[in-house]
Number of protein chains: 2
Amino acid sequence: MEPALDTVSAERPSQARPVYTENCPVREILDQIGDKWTTLILLTLAAQPQRFSQLMRAVPDISKRMLTQTLRNLERDGMVERTVFPTKPPSVEYALSPLGRSVLVPLGALVAWADSHHAAIKAARREFDGVR
Amino acid sequence: MEPALDTVSAERPSQARPVYTENCPVREILDQIGDKWTTLILLTLAAQPQRFSQLMRAVPDISKRMLTQTLRNLERDGMVERTVFPTKPPSVEYALSPLGRSVLVPLGALVAWADSHHAAIKAARREFDGVR
DNA sequence: CTGTATCCTAAGCGATACTG
DNA sequence: CAGTATCGCTTAGGATACAG
């Protein structure tokens with residue numbers, strides 16, 4: 001498999017080449033992870049498997065529509081497993097799959113970075129907005 | 001500063017509490033990193049500082065409008081430094097700041113994850129789409 | 001060469017009502 | 001409880017034309 005990160009090319013050290021072109025699978029994945037809810041759901045499920053209504057409460061401002069949609073996409077990508085218990089009324093539990101747990105490592109690192117640097121970013125913004 | 005990751009609460013082990021509420025600074029940062037172009041620009045600048053037109057070539061399908069906008073946001077957040085050389089016609093160089101280089105660590109890890117797992121994801125999708 | 005301004009479309013998402 | 005269907009708004013973002 002090709003390495004994704006086509007950075008400085010040895011043959012042409014002064015010229016960067018295109019990195020990710022249009023139908024790049026890495027782009028696709030990043031796009032989904034970067035959508036409004038996916039990361040939040042993954043982080044919430046990291047704590048423990050949870051039912052639909054628990055997730056609704058854990059992510060206070062998500063709509064049923066978007067929760068369903070996000071969960072379906074995650075299930076489709078093999079990151080989340082969905083289990084239906086035939087109680088009445090039915091209850092459904094969502095849990096991270098091994099793949100889902102594995103993405104949590106780099107994702108958690110990114111969240112940790114955001115948490116420890118958001119003060120610096122806020123300061124940079126004030127500076128920038130003040131200057132111009 | 002509070003830890004961002006409010007996962008399993010010790011007091012109420014069977015109940016997850018809300019993770020990130022609406023005006024969470026971590027959400028803001030993730031939203032920008034997760035937009036269509038920011039990560040691509042950061043990765044491209046990781047190779048070397050580059051001029052506007054070089055970036056246009058390096059990211060083949062970005063528009064001038066979005067390149068400008070993404071660079072401005074990154075500059076505003078203190079991740080990218082913009083230097084104007086008073087040549088004629090003017091040339092402008094963009095480079096990562098220390099903050100920009102620091103985010104590249106977790107971001108690079110995430111990209112590496114995406115690269116090494118996109119085959120598994122594609123397989124999961126085929127499975128899912130085939131079953132239902 | 002490095003932008004800015006305007007217009008316009010497509011996608012994302014929320015609100016609401018309905019269903020097994 | 002756990003969804004689905006429909007609607008309509010809002011925003012992201014592409015195309016194009018213009019400017020310093």
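Letters A, B, ... are given to chains in the order of the sequence lines, protein chains preceding strands, and every chain is numbered from 1.
Note: CG (L55(B)) to P (dT2(C)) measures 9 Å, nearest angstrom. Following rounding to the nearest Å, Q32(A) (CD) and dA11(C) (P) show an atom-to-atom distance of 17 Å. To the nearest angstrom, P of dG13(D) lies 12 Å from CG of L40(B). L71(A) places its CG atom 14 Å from the C1' atom of dC1(D), with the value rounded to the nearest Å. Residue F85(B) contributes atom CZ, which lies 17 Å from atom C1' of dG3(C) at whole-angstrom precision. The distance from atom CG of L67(B) to atom C1' of dA5(C) is 17 Å, rounded to the nearest whole Å. Between K88(A) atom NZ and dA2(D) atom P the separation is 15 Å, expressed in whole Å. The CZ-P distance, from R72(B) to dT2(C), rounds to 12 Å in whole Å.
Contact between the side-chain N/O atoms of Y94(B) and the OP1/OP2 oxygens of dC1(C) is not found at any separation under 4.0 Å. Applying the 4.0 Å criterion to OP1 and OP2 of dC1(C), one finds that T87(B) has every side-chain N and O outside that range. OP1 and OP2 of dG3(C) both lie 4.0 Å or more from every side-chain N or O belonging to R51(B). At the phosphate of dT2(C), neither OP1 nor OP2 sits under 4.0 Å from any side-chain N or O atom of S91(B).
Contact check for K36(B) versus T70(B): no side-chain heavy atoms found under the 4.5 Å cut-off. Here the side chains of Q54(B) and T44(B) are not in contact, with every heavy-atom distance at 4.5 Å or above. Counting heavy atoms from C-beta on, the side chains of W113(B) and I29(A) come closer than 4.5 Å.
The closest donor-acceptor contact from the side chain of E75(A) to the backbone of R82(A) lies at 3.5 Å or more, if one exists at all.
The bend of the helix from dC1(C)-dG20(D) to dG20(C)-dC1(D), defined by the angle between the axes of its first five and last five pairs, stands at 50° to the nearest 10°.
With rounding to the nearest 0.5 Å, the separation of OG1 in T68(B) from CE in M56(B) is 8.0 Å. Atom CZ of R57(A) is separated from atom CD1 of I62(A) by 14.0 Å, given to the nearest 0.5 angstrom. Note that CG of D77(A) is 8.0 Å distant from CG of L99(A), once rounded to the nearest 0.5 Å.
Here the shortest heavy-atom pairing between I41(A) and V59(A) reads CD1-CG2, 4.2 Å. The two atoms that bring V103(A) and M79(A) nearest to each other are CG1-CE, 4.0 Å, heavy atoms only.
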- Expected string for nucleotides 12-19 of chain C under the B/S/- scheme (protein heavy atoms, under 4.0 Å, primed atoms plus P, OP1, OP2 as sugar-phosphate) is -BBB----
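Each of P89(A) and T68(A) was assigned the nucleotide of DNA chain D with the nearest heavy atom; the assignment lying further toward the 5' end belongs to P89(A). Ranked by how close their nearest DNA chain C nucleotide is to the 5' end, S53(B) and P90(A) are led by S53(B).
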